Asks: 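Have a look at this one before I ask anything.
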Amino acid sequence: MTTSTIQLETPDGPCTTEVVTPDGGGPWPAVIVFFDAAGLRPAQTRIAERIASSGYVVVQPDLFHRAPPLSTLLGGPVTLGAVSKVFQDPELRGKFMHGYYLPAVAYGNLEKTIGAVLGHIAKRPDFRGLVGTTGYCMGGNASLRAATIFGDKIAATAAFHPGGLVTDQPDSPHTRVKTVKSRVYLGPAIGDLPPEAEAKLRAEFDAAHVHYEVENYEAKHGYAVDDAESYDSAAAERHYAALAKLLRETLHV
C-alpha cells in the first residue's frame with residue numbers, strides 16, 4: 001500500500017489531497033473520503049488506508065484548504081477531542097464555524113473542490129470502475145451533499161455519525177436529495193438523527209426514489225474515528241463491514 005500527498009489545483013487554489021493505493025498495479029474503483037471536523041490527520045489516514053486495503057484508490061481532500069491550518073486555531077495538536085473543546089468557547093466556536101466548517105460544506109465550495117477531485121480520479125491510469133464516497137461527522141454531511149451536487153458521477157454514498165442532515169435551514173441536505181443518483185447508506189450514532197428528523201429524511205428519499213438504508217448505531221458520536229474519546233471498536237468494525245458491502249455492490253463494473 002502506498003500513501004502519498006498531492007497538491008490538487010482547484011478554482012480556489014491548491015488543495016492538499018491524500019491518495020492511498022493498494023499494492024499492485026490496479027486498476028481499481030475509487031473512494032473519496034470526507035474527514036470529520038478535526039481535518040486531515042493520522043486517524044483519518046488510517047481510515048483511508050483500511051478502505052484502500054480492500055482494493056480501492058482512496059482520495060481524501062483537505063476540505064479546509066481555504067483556511068489556515070487548523071492547528072493555528074487550536075494552538076496545539078489536532079484531534080477530534082481538541083476540536084470538540086473548541087465548542088465550549090463561544091469565540092473559538094464562531095471562528096471554527098465561519099472559517100472552517102461552513103466553508104467546507106458549502107455547496108458551491110464542494111462543487112469546486114470535489115469537481116477537481118473527480119477530474120483527478122478520471123485521469124488516473126490506476127482507476128477503473130465507479131466512484132463512491134464516505135464521510136464522518138461533518139464529512140458525512142459533506143458526503144451526502146456531494147451526492148446531491150454530482151448526481152450520477154457518484155455511485156455510492158456513505159455517512160457515519162453524520163451531523164446536520166435535517167435542519168430548518170434552506171440548505172439542509174434532506175431538501176436536496178431529489179438529485180441523488182447513488183446508493184446511500186447512513187449510520188447515525190445516538191442522537192445524530194432523532195426520530196422526527198429521520199422520518200423527514202426517509203420521506204424525501206422515498207419521494208426521490210433513492211436506494212437508501214439507515215442503520216442507527218448504538219454508539220456515541222465519533223464511534224468510527226480512533227482518536228475520538230467516543231471511539232467504539234465494535235461499532236467501528238460494523239461500519240467497515242457495512243461500507244465494504246456498499247462499495248462491493250456498487251463500484252465494480
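The model shown is predicted, which means the values in this text are computed figures rather than measured ones. Because only heavy atoms are used, hydrogens play no part in the values below, and waters and symmetry mates are left out as well, while side chains stay in.
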Asks: With rounding to the nearest 0.5 angstrom, report the CG to CG distance, L40 to L63.
Replies: 9.5 Å
Asks: Can you tell if the side chain of V131 reaches within under 4.5 Å of the side chain of K153, non-hydrogen atoms only?
Replies: no
Asks: I need the F205 CZ to K178 NZ distance, nearest 0.5 Å.
Replies: 13.0 Å
Asks: Tell me, do I190 and E218 make a side-chain contact under 4.5 Å, heavy atoms counted?
Replies: yes
Asks: Measure from NZ or CZ of R145 to the centre of the six-membered ring of F150, then state whether that distance is under 6.0 Å and the direction lies within 45° of the axis.
Replies: no
Asks: To the nearest 0.5 Å, how far apart are NE2 in H252 and CG in L130?
Replies: 9.5 Å
Asks: Does R202 make a cation-pi contact with Y212, if we ask for NZ or CZ under 6.0 Å from the ring centre and within 45° of the axis?
Replies: no
Asks: Identify the two heavy atoms, one from S172 and one from L165, that lie closest to each other, and give their separation to 0.1 Å.
Replies: OG-O, 3.3 Å
Asks: What about H211 and Y185, are their ring centers closer than 6.0 Å?
Replies: no
Asks: For the atom pair CD (E213) and CD (E215), what is the distance rounded to the nearest 0.5 Å?
Replies: 4.0 Å
Asks: Counting neighbours of NE2 on H98 that are heavy atoms of other residues, nucleotides or ligands and sit closer than 6.0 Å, is the number greater than 12?
Replies: no
Asks: Do R41 and F35 form a cation-pi contact, if we require the NZ or CZ to be under 6.0 Å from the six-membered ring centre and within 45 degrees of the ring's axis?
Replies: no
Asks: Quickly, which of V19, V20, T17, T21 forms a side chain to side chain contact (heavy atoms under 4.5 Å, CB included) with S4? Name it, please.
Replies: V19
Asks: Given the side-chain rings of Y101 and F64, with only the six-membered ring counted for Trp, is the space between their centroids under 6.0 Å?
Replies: no
Asks: Using the side chain to side chain donor-acceptor pair (under 3.5 Å) criterion, which residues pair with S182? Sequence neighbours excluded.
Replies: T157
Asks: Sort out for me which residue in V105, N141, L144, L110 forms a side chain to side chain contact (heavy atoms under 4.5 Å, CB included) with F34.
Replies: L110
